[in-house]
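Just below is one structure, and these are the notes that go with it.
To find a chain, count down the sequence lines: A is the first, B the second, and so on, and within it residues start at 1.
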Amino acid sequence: MKNSNNQSSKNIIYKWIDERYNISGLLEFAKKKSVPEYRETIWYYFGGIALLLFIIQVISGILLLMYYQGTEDSAFESVKYISTKVSFGWLIRSVHSWSANLMIFAIFIHMFSVYFLKSFRRPRELTWYTGFGLLLVAMGFGFSGYLLPWNELAFFATKVGTDIAGQLPLIGEPLLKLLRGGADVTGATLSRFYGFHVAFFPGIFTILLTLHLIFIQRQGIAEPEDWKDLPESEKKSIPFFPNFTLRELLFWLIVINILAILAVFFPWELGNKADPFTSAPVGIKPEWYFMFMFQTLKYIPGEILFLNGEFVGISFFGIAGLLWFLVPFWDNRTPAGKKNKLITYVGIIVITYIIVLTILGYLLV
Amino acid sequence: MNDYSMKILTIIFLVIISSYVLAQTKSVDECRVCHLELDDELLIPAQNYSSDIHYSKNITCAGCHGGNPKSDDPEIAMSEESGFIGIPDRTTRYEVCVKCHADQQTMNSYGSKLPTDQFEKLKNSIHFESSYNNKGPIADCITCHSVHNISKVDDPRSKVYPTNVISLCGSCHSNADIIKNYNPGLPIDQVAKYKTSVHGKMNTIGDPNVAECVSCHGSHNINPANDPRSQVYAANISAVCAKCHSNVQLMKKYKIPTDQYESYVKSVHGIALLEKGDISAPACNDCHGNHGAVPPGVESISKVCGSCHVLNMELFEKSPHQKAFDENGFPECETCHGNHSIRYATDDMVGTQESSVCMECHSIDDDNKGYFVAGEMKMLIDSLKNEDKETKEILKEATQKGMDVSESEYSLKDIRQILIQSRTTIHTFNLEKFDESINEGFEIVSKSKQAGIDAVDDYYFRRVGLGIATIIVTFLVIGLYLKIRRLEKKS
């Protein structure tokens, strides 16, 4: 009796919403959508994990905004206040920092899985491009957010990072001034980075993310390459709703728990307040996702032939990034239904390069 | 007259003749012969020279002025060809002295054992700097040793003899018209002060063994007191005083002990100045004075110590101890802290234990109040130190657990200052005032300790919270997993 009462009240609410927003139509659409089920399905969850972490970023970021003050005089103190005085401030700050890193990690896994499964192929080129754009903006989020606590390590890492950007020919100097708001890293840089972090990047990210999700919903989840010739009866799949959604939810719960463990056991350190008049401390390093580029630049000599070493390094990464971005263009074998092992080999080389250089970066600091 | 007598007479005659000839040879100085017949300024130098140490060494006028001393013709004797220079130029006249006095061989040839480094020293001294009117060095050889009547330093006629040197130095240093050209801020009362000192009084009555200007400042190598090369530089002065005051033989007749320097170098002041190089730490002259050096009187000791330890002096002067000490002839600060051998003042100096200086006068039997106050002060200092130590341990534990307690750690830094203030407040010998000073420390320690305990508790609270959250998430994950399985089985 009680159960039937519950059921009827649920129905009333459902009906009330459905009359106004046509939920049943949406659910029908979701139920019709399917996700291929095979040994690589596990990689399909990382896009959703990155989305979850982005949502956590937005929520924890809004909470931090309530106390954070983005000025040279009070940025460090306000973060210290959040970590020590605000109720659960330490948790919010740690979750924000950890989920930022986990989000970029999840985006990397998502990107490489899409790359190796060759899901970027026609007709999903735009999904790939928006995804790549999301990675760049996420890295921009990381770079700008790193400076906001205005601590020693972040201050000098930003100095080094913006110096590298300033090495670019022609646009180097104006870009450096645009980023720093002057010749040096000062309070003006902090204000600028704060603006990028809480207004500019969220705007761009939201647009790209919306497009990315619309593309996925309109085109559905990509099928594996070798299903092309399989008869429909042999293609195994699960409904997007509720099966895939519930599985995704399960992963989300695990990620949330991992995040909580990291935040409690490894609270994000604050260090010492930045002092522009002291010399750079030992062990200046960028965030881990910039480390492979930073380490590469260290190995490049000051001058190569008649070119500036840093310029050569930046150009190398620029061209490599562009080629990576344009992979749907230059991979003409996969859309034709042929195996393209070159893509796989390039991917393996890139992953190995990133891992080795990152490890070297941490070992040799 | 026999042969024998003739021989004796011949020998005597020969001796007289040869002595006369030798005497004539030695004094062949036609310059003097001639100048002794002249008047006033041309006569006086020639007259004075007969008492000059150089005259006794057979050095003629030409030794300094050039010319030919053997010629009685002024045209020849004072000709340029004979090297006559007349009165040496004021700017370079020291060169005339240096010519011999910086040359060991020349000095040996006159049988002199004088050192030959005077000019080297003078060159590096303040006196060799250019005079304000660019007439050579501020002071050169002649300025102090004079001319034509120069005597040995140990000759009472010498201008640099210990009892004469005061007026010699004073002739410039007590003259505002001269000194203001160089350093308008430099006092000119040194001689006046010196005459009030024990050294000055003894010197005035003709004792050449007491310290005068040269004894402390040096002679040729004089430099300003703030120049590390100076003998009276803060870090050098105690050794300068010790030259005489540690000399048992010299001090015997004055009945002065000779262990002051030995005690001083081991004292907190001596270690600060001589070992740590802290030139703000006091040397002998800071307590005894320099030009007016005297032992401080019993009742003025707190003023002397108070010139640096201002607060301690002010508090002591308002305390009941000052009156009691002065009435009983106790030398104020020195009564508890000693004089030359002042050691680092530890907290064990106060209290009721054996090491306490309070117990030298107070005891439980006849002075309950003093005994009680001393005991309370010691107890409060010790308990603040213990609380501070304990709190630091708690904060350290919190930090090791990854908790941020930097604010409490920062406020705990004030405890050191509060302890210093409280130790100073001991000099009021008033328990109420001492409490006021030290209680601030207890408040800080109490807050910091609580913050540390809260941080450690928060650390465990976070873990418990995480544990509960993990259990809930685990249940949700299991529930969700079962739901998915059931759903997929159905389909």
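- Across every non-hydrogen atom of A/Ser99 and A/Ile56, the tightest pair is OG-CG2, 3.8 Å.
- Residues of residues 396-433 of chain B having a heavy atom under 4.5 Å from any heavy atom of chain A, listed by number: B/Gly402, B/Asp404, B/Ser406, B/Glu407.
- For chain B, the nearby part of A/Phe88 is the side chain; its heavy atoms alone come within less than 4.5 Å.
- Taking the six-membered ring where tryptophan is involved, the planes of A/Phe244 and A/Tyr45 are essentially parallel, since the angle between them stays under 30° and well short of 60°.
- For residues 438-480 of chain B, no residue pair satisfies the ring-ring contact (aromatic ring centres under 6.0 Å, His included) rule, not counting sequence neighbours.
- Of the listed residues (A/Pro239, A/Ser83, A/Pro242), the one with the most heavy-atom contacts under 4.5 Å to chain B is A/Pro242.
- Interface remark: of the candidates A/Ile238, A/Ile254, A/Leu249, A/Leu270, A/Leu249 forms the most heavy-atom pairs closer than 4.5 Å to chain B.
- B/Asp348 and B/Thr346 share no donor-acceptor pair across their side chains, judged by distance under 3.5 Å alone.
- Of the two parts of A/Leu91, neither the backbone nor the side chain holds a non-hydrogen atom closer than 4.5 Å to a non-hydrogen atom of chain B.
- Of the listed residues (B/Leu476, B/Asp458, B/Leu466), the one with the most heavy-atom contacts under 4.5 Å to chain A is B/Leu466.
- Listed here is the closest heavy atom pair of A/Ala75 and A/Trp150: CB-CB, 3.9 Å.
- Interatomic distance, CG of A/Leu64 versus CD1 of A/Ile59, reported as 12.0 Å (0.5 Å rounding).
- A/Gln69 and A/Ser78 form no side-chain donor-acceptor contact under 3.5 Å, judged by distance and modelled atom types alone.
- Using cut-offs of 30° and 60° for the angle between ring planes, the A/Tyr44 and A/Tyr38 rings count as perpendicular.
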